[in-house]
2 protein chains.
Amino acid sequence: MAKIPLDPIANADQTDVCLPQPILLRLSPDSARRLAGILKAMGHPVRLQIMDILSRGGGQMCVCDLEQYFDLTQPTISHHLKVLRAEGLIDAEQKGLWIYYHVRASALKAMRALLLSFGGNEDG
Amino acid sequence: MAKIPLDPIANADQTDVCLPQPILLRLSPDSARRLAGILKAMGHPVRLQIMDILSRGGGQMCVCDLEQYFDLTQPTISHHLKVLRAEGLIDAEQKGLWIYYHVRASALKAMRALLLSFGGNEDG
DNA sequence: GCGCTATATTGATGTTTATCAATCTATTCG
DNA sequence: CGAATAGATTGATAAACATCAATATAGCGC
């Protein structure tokens, strides 16, 4: 099988750019690193549950609210929040003594696009 | 904020099951573990690129084909394939001396559903 | 059976990660 | 200012992970 060429402009703004055979261009190592970072951040049960809880919390969930869901210490929860934030998956907003976290939509959109590109639209 | 209750039947077949407030049921720890496992498997640049390459390879990509894309030894590629296979993301089919790998659609569908539940459908 | 080839497994090593206890920072309230 | 509280940071430790070299397995052709 022929080697699929690398897409050198995978992350560039491709509006109106017409490539000869876009389907044969694979993910660049840079894009792979970025997207893998996002997946890795979500790839921990606690962090995935944090994402889930935040997504249902209406943007009004502080760290002390999160703590009650897990059998973990506060620094550990704080660490997981930091990992998610570093990958741009969540955002924080301080209000007085509390810090409210909420899910950022943009990273999720990139992930859905990626999964779609991998296929799996058929039934079953 | 009130604590969001846990969904005890998150993985059951929910066809026609009518829950009072489904939006307030969070991911069960079991579902979180399973889905996090899938995300974690994809959360490595090499494995993500393998998924990408396989998804474009039309199901006719053997390990020796994959090797040329990476600066890694054959056992390392083999290891990553094993990780992806263990999580049900890819499948293998032996034909003579070669083993052909292809992406499994079902795991990807579960992931897309999860990401949709986290929100991020708006523009921007 | 024998050599060749494709892939998997094992074992070792260095790196990263998850977690906690202890401590620090910053904000509110008196 | 001082006490209380929410959350972050640091440092330590054990577990998990990525990688390679070496070796094993298994199918093919002679």
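Chain letters run A, B, ... following the sequence lines, proteins first, then strands; residues in each count from 1.
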Short side-chain N/O contact to D:dC20 OP1/OP2 from B:Thr76, under 4.0 Å: yes
Side-chain heavy atoms of A:Met61 within contact of A:Tyr100, under 4.5 Å: no
Close approaches to DNA chain C from residues 40-54 of chain B, in residue order (heavy atom, under 4.0 Å): none
Length of the CG-P vector between A:Leu81 and D:dA8, whole Å: 6 Å
Distance-minimising heavy-atom pair for A:Gln49 and B:Ala32: CG-CB, 3.4 Å
Matching residue for A:Ile90 among A:Arg85, A:Arg104, A:Arg47 - test: side-chain contact (heavy atoms from CB on, under 4.5 Å): A:Arg85
For the student: nearest non-hydrogen atoms of B:Leu48 and A:Ala36, plus distance: CD2-N, 3.6 Å
side-chain contact (heavy atoms from CB on, under 4.5 Å) partner of A:Tyr69, chosen from A:Val46, A:Ile50, A:Ile53: A:Ile53
Residues A:Gln94, A:Ile99; criterion side-chain contact (heavy atoms from CB on, under 4.5 Å); working and verdict: CA-CA 4 Å; A:Gln94 180 144 13; A:Ile99 300 180; 4.0 Å; yes
Pairwise side-chain contact, B:Leu108 with B:Met51, heavy-atom cut-off 4.5 Å (strictly under): yes
Value in whole Å for how far the P atom of C:dT9 lies from CD1 of B:Ile77: 15 Å
Bending between helix ends of the helix from C:dG1-D:dC30 to C:dG30-D:dC1 [5 pairs per end, 10° resolution]: 30°
Out of C:dA8, D:dA8, D:dG7, whichever nucleotide has its closest atom nearest the side chain of A:Cys64: D:dG7
Donor-acceptor pair, side chain of A:Ser117 and main chain of A:Leu114, under 3.5 angstrom: yes
Interatomic distance, B:Leu72 CG vs D:dA21 C1' [rounded to whole Å]: 14 Å
Rounded distance (Å) that lies between atom C1' of D:dA18 and atom NZ of B:Lys82: 14 Å
Worked check of side-chain contact (heavy atoms from CB on, under 4.5 Å) between A:Leu35 and A:Leu27: CA-CA 10 Å; A:Leu35 291 164; A:Leu27 205 58; 4.0 Å; yes
Donor/acceptor link under 3.5 angstrom from A:Gln74 side chain onto base of D:dA6: no
Whole-Å gap separating P (C:dA18) and CG (A:Asp71): 17 Å
For atom CG of B:Asp65 and atom P of C:dT5, their distance in whole Å: 17 Å
B:His80 NE2 - C:dA8 C1' separation (whole Å): 15 Å
Side-chain heavy atoms of B:Met42 within contact of B:Met111, under 4.5 Å: yes
Sugar-phosphate, base or nothing in reach of A:His79, heavy atoms under 4.0 Å: base
Distance, rounded to the nearest Å, where B:Gln68 contributes CD and C:dA6 contributes P: 13 Å
Members of residues 85-101 of chain B that approach DNA chain C, where some heavy atom sits under 4.0 Å away: B:Leu97, B:Trp98, B:Ile99, B:Tyr101
Side-chain (B:Asp52) to main-chain (A:Arg26) donor-acceptor, under 3.5 angstrom: no
Sub-4.5 Å side-chain heavy-atom contact between B:His80 and B:Leu84: no
